[in-house]
Amino acid sequence: MPAPAAGKLIIISGPSGAGKSTLVRRLFADPPGPLETSISATTRAPRQGEVEGVDYYFLTPDEFARRRAAGEFLECFEVYEGGHWYGTLQSEVAPRLAAGKWVVLEIDVQGTLAVLERYPDAVTIFVQPESMAELERRLRARGTEAESSIQRRLEGARRELPFAPRYRYQVTNTELDQALRDLRTILAGQAN
Ligand code: 5GP
């Protein structure tokens, strides 16, 4: 029997408010390949509706530090928003790649650069807003965010957008359906 094809690592980044999570959710609704998510670990508290082991593994700072010291993370960082730790567990990635899956990581820029050191062939995709002005408009239109949170996200976007050219692909989310088509085209191109 032929050996199963090795999987692919797909990294999707982009500032919050650019529509990244919505795009990934839509992608999984009709996946263009054997897509699976990697569930990240974090020290931040669950938001309303978030489920342990589905959205994240919610760890105490001590447990996170213990796993970090034990070398369980492929990458982990203190992410700007709120100063919490986030990380990708090796156990989420390696077994799926070995099983031929396409493992999707939704992580920030610093995490991406670290993963690329280990997996230089990872397919990197940066989802960007049309402009900073449009990003700000979208964040405000949600109507659910405190001003301080909006400012923190805008600051994060200003820090991350200059890294977009370091990604193999850039998807500009001007219109959601078109951005989804672009994402699908990129992934369909990886299927060999
Ligand atoms: P949120 O708290 O809104 O779920 O995520 C905040 C930020 O953390 C996002 O930019 C997201 O991409 C990033 N993030 C989520 N999981 C990971 C991870 O495992 N590693 C890294 N480096 N960043 C992550």
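Numbering of residues begins at 1 and proceeds along the displayed sequence. Atoms within each ligand, like the ligands themselves, are counted from 1 in listed order.
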[X] heavy atoms, cut-off 4.0 Å: which ligand 1 atoms fall inside?
X      : value
Tyr56  : 1 (P), 4 (O), 5 (O), 15 (C), 16 (N)
Gly111 : 22 (N)
Arg44  : 1 (P), 2 (O), 4 (O)

Pairwise salt bridge (Lys or Arg N to Asp or Glu O under 4.0 Å) hits with a residue in residues 103-117, at least two apart: none

Best match, [options]: closest heavy atom to [atom]:
atom                    : options                      : answer
atom 9 (C) of ligand 1  : Glu106, Lys20, Glu92         : Lys20
atom 2 (O) of ligand 1  : Tyr57, Tyr86, Phe77, Phe73   : Tyr86
atom 22 (N) of ligand 1 : Asp108, Leu89, Asp55, Ile107 : Asp108

Is Arg47 touching ligand 1 with its side chain, its backbone, both, or neither, if touching means heavy atoms under 4.0 Å apart? side chain

When you look for heavy atoms under 4.0 Å from ligand 1, do you find them on the side chain of His84, its backbone, both, or neither? neither

If you apply the rule side chain to side chain contact (heavy atoms under 4.5 Å, CB included), what do you find for Tyr169 with Val123, and how did you get there? CA-CA 8 Å; Tyr169 301 98; Val123 178; 3.8 Å; yes

Backbone N/O of Leu154 and side chain of Glu136: donor-acceptor pair under 3.5 Å: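 Checked: no pair found.
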
For the backbone of Arg66 and the side chain of Glu72, can you confirm whether one donor and one acceptor N or O come within less than 3.5 Å of each other?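 Pair absent, no side-chain N/O of Glu72 close to backbone of Arg66.
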
Examine ligand 1 and decide if any of its atoms is less than 4.0 Å from a heavy atom belonging to Gly87.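 Right, Gly87 reaches ligand 1.
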
Other than Trp85, what residues sit in its cluster of Ile, Leu, Val, Met, Phe, Trp and Tyr side chains whose heavy atoms are under 4.5 Å apart, directly or through others?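 Members besides Trp85, by chain and number: Ile39, Tyr57, Leu59, Phe64, Phe73, Leu89.
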
Can a side-chain donor-acceptor contact be found between Thr112 and Tyr167 if the only test is distance below 3.5 angstrom? yes

Is there a side-chain contact between Leu161 and Phe126 in this structure, where contact means two heavy atoms from C-beta onward sitting under 4.5 Å apart? yes

